[in-house]
Amino acid sequence: MINFLNPWFLLGLVAVGAPVWLHLRRKDREKVVPFTGLRFLEDQPMAKAPPLTLKNIVLFLLRVLALALLVAAFARPYFETASMAATSSRVFVIDNTLSRQAENGLEHDKQYVLDQIAGAGAHEQIGVVVLGSEPRVVVNFGDSPQQAREKVQAVQPTTERGTILSAVRQADFLLKQSIGETKRIIVLSDFQKNQWTEDANAPPFLAPGEVKLPSLPIAAARSNFYVAEPRVQRVFIGEGALIQFTAVIGRTGDINKAVVSLTSNGREILHRPIGLDAKTDKISVITQWEADPAAWMQGSLSVTADGDTLPQDNACYFTVPPITEGRVALLSDSVYLQTALSGPVAHGHWKVETLNPTKLVDANIASPDTFADILMVDGDYLQSAQARMLVDRYFTAGRGVFIMAGRLPTLLTGFLEKLGFDPLPQLAAPGTGTLSPIRYFSPDSPVFKPFLVPDFCSLVDVRVGEPVHLSAREAKPILFGQHGDALLFDGTKDNGRFLLTTFGFDRKQTDWVVHPSFVPFLDSALQYLRPQAPLNATLEPGEIWLVQIPPELSVKTVVLSRDGQEISRAAVNADHRALVRVPDQPGIYGLAYDQAPQVRQMLAVNPSERESELTYFTSEPDILKAWTQSDTKKPATQAGLAIPASLMAASNSNIWWGLVLTGVAALLFEMIVLYWRGHA
Amino acid sequence: MNETARRQFDPETLKALAGLQFRARYVVEGFLSGMHESPFHGYSIEFNDYRNYQPGDDLRHLDWRYYARADKLCIKRYEQETNLQFHVIADTSRSMGYRGTSAWCSKIDYAKIVAASLCWLLLKQKDMTGLLLQEDDARKPQAGEASRVQRDPQLHFLKPSQKPSQFGHILGQLETVEPAGGPCLATLLNNTPRLIRRRSVILLVSDLLDPADEVQDQLKQLHFLGHEVIVFQVLDRDELEFPFEKDRIFEDLESGVRRRIRPEQVRQQYLERFNAFQDTYRNLFRALEIHHLVLPSDEDPGRALAFFLSQRQAFA
């Protein structure tokens with residue numbers, strides 16, 4: 001028996017009336033006789049509409065046939081067979097994320113699904129959805145059992161982070177296209193807590209009793225050591241160039257001993273056992289080592305422990321790009337600044353060009369390509385229009401600007417207001433009064449990150465005098481004085497970035513200039529202000545890496561590779577950007593431009609730290625209740641999706657194409673007949 | 001009509017001839033070849049424009065040069081007796097476009113042949129011949145005609161001339177004209193006195209399907225002005241006999257009015273009314289001494305020539 005997937009489309013057969021109407025309305029010209037003597041028959045009745053008869057049967061039939069075929073095609077006919085009637089429809093959600101790989105959980109789930117497929121009758125529909133960064137339908141209802149088995153066996157674990165909610169939504173969507181009398185979603189997961197609790201505010205969408213959880217873990221947690229939060233950067237202490245590294249080693253379960261190994265560029269930096277007591281679940285690893293600043297640094301930190309149920313999360317990867325000498329344009333009288341950035345001190349880090357205040361016109365005339373990476377300017381010089389113009393040009397050119405606003409003359413006030421600063425009442429003149437220690441710096445600011453490590457430098461005894469009081473509309477204060485005054489702002493203007501101090505770099509306003517941390521601070525701040533794009537990234541599997549290419553390089557494609565093997569390619573758009581999908585396998589990847597083999601950027605891929613938190617629900621998660629509708633009404637079908645997927649397969653594309661092509665052929669033939677008749 | 005000439009008429013042959021010129025010459029020469037003697041004997045067509053002097057003739061018309069050469073007194077008969085102008089007026093209204101079920105051509109085509117044949121015949125006689133038509137809006141002026149053609153907003157009047165090139169001009173007009181518009185006979189005849197000032201012979205080729213009362217004043221005026229009028233009424237056999245049999249919707253060619261007709265019921269009525277209509281014209285023509293010939297479009301156009309010549313003798 002023939003049936004239709006979209007029976008409403010059959011209303012389109014009304015359109016068949018169009019050719020019928022056309023043919024019936026056409027006047028029978030052969031029956032209308034032109035004559036010149038009608039004046040002698042004026043008493044004869046006027047002719048009404050010509051008799052309605054069908055003419056051009058062939059044309060009419062062709063048009064009707066074409067319309068009927070096209071309408072039927074979109075109505076999606078299919079022939080009902082015994083196999084069409086399904087008693088039940090089930091969708092299995094397989095959690096193939098990293099956490100599920102603990103104790104081969106994924107393999108157990110796959111086997112479970114395979115057993116269900118083998119045991120399913122002819123009237124049962126089975127679909128499979130797997131997680132990953134985006135849920136994916138692996139098995140459709142229209143797949144044969146053999147196809148379903150093969151596809152389930154091909155499911156691989158992934159390090160991408162996925163949520164149960166999105167997978168269940170996908171399964172629900174699939175289920176709504178099924179034709180089974182009973183519909184079920186079976187979630188095969190480790191019931192990791194953080195994987196279920198995401199998107200807790202999702203509105204209910206599941207039918208009552210739709211979701212089944214076949215098994216729940218017995219234990220609330222599994223034993224696992226994992227590595228997280230790797231942070232690495234170069235620091236310069238004296239003449240030495242060091243790599244400063246921090247990471248967190250976490251533990252769930254009851255294992256408490258492990259061995260930590262740290263390697264850098266193939267060299268073992270650290271290898272030592274660690275032990276955690278029962279109360280400690282996380283420890284920090286902080287270390288430094290020397291590294292050539294002119295070369296790439298890539299390394300990994302791993303932890304091994306007996307009884308670890310998820311060894312796949314026991315390593316993290318990191319990279320540090322090489323340091324290149326930067327250029328600083330200095331417009332300041334501060335001898336301390338000049339000394340800190342002088343050749344012997346800043347050699348290899350910074351090359352300083354001291355600007356002549358009387359020749360700023362020349363600097364303004366120069367092309368932006370000749371600009372230094374950063375402009376350091378004393379606030380006093382900003383009373384000069386040329387100096388202000390130069391600062392604006394640096395911003396426009398995407399360069400960094402470091403402003404020392406030790407005083408607040410009138411002209412500087414106006415300039416600062418354009419920069420988004422508003423002066424606050426001064427209790428005392430800036431630079432006067434006793435020096436007070438700084439109170440707080442933002443640990444998240446890249447400027448001060450090195451200072452988190454005590455061995456780096458300490459800012460404890462750095463003192464600053466009365467600063468200029470400013471409030472910022474957009475810039476962010478990252479350093480505060482004893483009384484809570486903002487001492488250093490971090491902001492952006494146009495295409496550039498700036499740092500602004502509310503004190504000058506002279507002895508009257510601060511003793512920082514003679515403090516050991518001054519040079520490291522300057523170096524860190526200037527590195528932060530450098531306009532060049534970051535050359536390395538740390539991302540999770542499945543994420544998209546936005547690669548910024550320097551505009552001066554005409555790059556058409558970027559090539560991602562690992563250990564010399566090309567992984568993927570991406571085109572560079574007009575904005576000098578490329579989107580690269582992060583591979584699933586954790587590790588370090590190199591990015592080259594076009595056909596050149598030289599690695600220009602690096603990517604460290606680490607799985608989400610959340611996958612390592614092996615703590616589970618031992619009973620049905622409450623969140624499931626929140627996703628389930630409370631009444632017994634059938635959940636509303638998603639708009640426009642009322643076609644059972646199995647029937648979609650049953651109404652196979654051959655029939656559809658056959659109908660459409662035959663309809664088109666009928667129309668073409670009709671056109672030919674019309675043309676031939678007209679020509680004849 | 002000469003039997004010999006009639007036997008020679010072959011509509012298929014005429015239809016096969018391409019161009020009005022050849023059709024006209026075929027008709028004329030076919031007609032002439034059927035004549036036992038030249039009908040133009042005594043006419044100025046052979047440019048025999050002299051006759052012997054008879055006592056009492058006006059000596060102003062004596063050809064003194066001829067007398068000097070031939071020592072014979074002769075009167076220039078051509079100048080005196082063949083100084084007539086002939087104007088062919090063709091009806092090009094839409095009803096002339098009708099072609100019946102058994103006709104080999106439409107009335108307009110037939111009228112063109114008749115008009116062209118008459119013009120060919122006249123010009124062969126060295127008669128001054130002109131043409132008057134209702135102008136078709138789409139028609140463009142021909143090359144070389146600007147100096148000779150008098151432009152009228154509705155009419156196209158070719159001034160009479162006896163030059164050999166005149167036939168080419170006449171053909172050019174006749175070949176391009178197409179039946180269009182409603183009844184135009186009244187318009188044609190209304191403008192005729194203005195355009196034709198000299199006493200002339202007017203050869204009207206029309207189907208006369210305009211009401212007689214609309215044209216009788218114009219015809220009277222022509223008669224009053226001294227014009228000789230010969231009317232060649234071209235009609236289709238369907239118009240004459242109404243041979244239709246099946247019920248049909250008939251549509252008037254000019255007005256577009258449609259009527260549902262049952263021919264077997266209305267034939268008699270039609271014929272009565274049509275004949276009455278014809279009688280009206282015949283009475284009018286008789287009163288105005290207008291010569292009238294009905295030409296079914298499926299008959300030999302040479303009949304028109306014979307009729308013309310017979311009438312010409314009358315007013316020669």
Side-chain angles (χ1 to χ4, degrees), chain A residues 13-68 666-667 669-680, chain B residues 91 93-101 106-108 179 182-183 206-212 214 234-263 265-278 280 297:
Chain A
L13 287 173
V14 168
V16 169
V20 172
W21 181 81
L22 274 174
H23 281 274
L24 294 182
R25 284 284 294 145
R26 282 177 58 181
K27 296 179 183 177
D28 187 353
R29 295 185 182 178
E30 293 178 0
K31 297 180 182 177
V32 176
V33 180
F35 192 55
T36 52
L38 279 186
R39 71 190 67 211
F40 306 116
L41 297 170
E42 286 179 350
D43 54 348
Q44 294 303 307
M46 301 283 278
K48 294 180 183 175
L52 299 181
T53 57
L54 284 181
K55 197 191 168 203
N56 292 333
I57 295 294
V58 170
L59 283 175
F60 169 73
L61 287 177
L62 282 172
R63 288 168 183 163
V64 169
L65 181 67
L67 273 171
L667 281 173
F669 191 60
E670 185 249 13
M671 283 168 58
I672 292 170
V673 170
L674 264 178
Y675 174 75
W676 171 74
R677 285 195 178 198
H679 211 61
Chain B
D91 180 3
S93 61
R94 195 161 180 165
S95 61
M96 291 294 289
Y98 181 74
R99 175 178 173 176
T101 51
S106 63
K107 288 193 297 182
I108 189 68
S206 170
D207 56 4
L208 295 183
L209 287 181
D210 300 8
E214 289 182 11
V234 177
L235 289 171
D236 190 90
R237 188 63 63 181
D238 290 348
E239 293 168 330
L240 290 166
E241 296 174 0
F242 201 73
F244 307 102
E245 291 178 356
K246 291 185 181 178
D247 293 358
R248 289 285 186 266
I249 293 174
F250 286 75
E251 182 183 57
D252 187 272
L253 263 184
E254 289 184 354
S255 65
V257 170
R258 290 187 178 188
R259 297 188 187 277
R260 188 176 296 279
I261 306 290
R262 290 188 175 179
Q265 290 182 5
V266 304
R267 179 176 297 107
Q268 190 61 35
Q269 182 182 4
Y270 171 84
L271 292 173
E272 288 172 0
R273 291 178 182 176
F274 179 74
N275 289 330
F277 175 81
Q278 289 288 87
T280 308
S297 59

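Residue numbers begin at 1 in each chain, while the letters A, B, ... track the order of the sequences. When reading the values below, keep in mind they use all heavy atoms of this one structure, side chains included, and skip hydrogens, waters and symmetry mates.
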**OP:** Please lay out, stage by stage, how Phe40(A) and Phe242(B) fare under the test ring pair (Phe, Tyr, Trp, His ring centres under 6.0 Å).
**Re:** CA-CA 11 Å; Phe40(A) 306 116; Phe242(B) 201 73; 9.9 Å; no

Original post:
How far apart are the C-alpha atoms of Asp236(B) and Thr36(A), what are their side-chain angles, what is the distance that settles it, and do they pass the side chain to side chain contact (heavy atoms under 4.5 Å, CB included) test?
Top reply: CA-CA 10 Å; Asp236(B) 190 90; Thr36(A) 52; over 6 Å; no

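Put simply, the side chain of Arg248(B) never gets that close to the backbone of Val33(A): no donor and acceptor are under 3.5 Å apart.
For Phe277(B), the CZ atom sits in a packed shell: over 12 heavy atoms of surrounding residues, nucleotides or ligands are nearer than 6.0 Å.
If you measure heavy-atom distances from Lys107(B) to chain A, the contacts under 4.5 Å come from the side chain alone. The parts of Asp238(B) that come within reach of chain A are both its backbone and its side chain, each placing non-hydrogen atoms under 4.5 angstrom from that chain. Using a 4.5 Å cut-off between heavy atoms, Glu254(B) touches chain A through its side chain atoms alone.
Between chain A and the options Val266(B), Asp252(B), Leu253(B), the largest number of non-hydrogen pairs under 4.5 Å is found for Asp252(B).
Taking CZ from Arg39(A) and OG from Ser95(B), the interatomic distance works out to 7.0 Å, rounded to the nearest 0.5 Å.
Checked for salt-bridge contact, Arg273(B) and Asp43(A) meet the test: a charged N lies under 4.0 Å from a carboxylate O.
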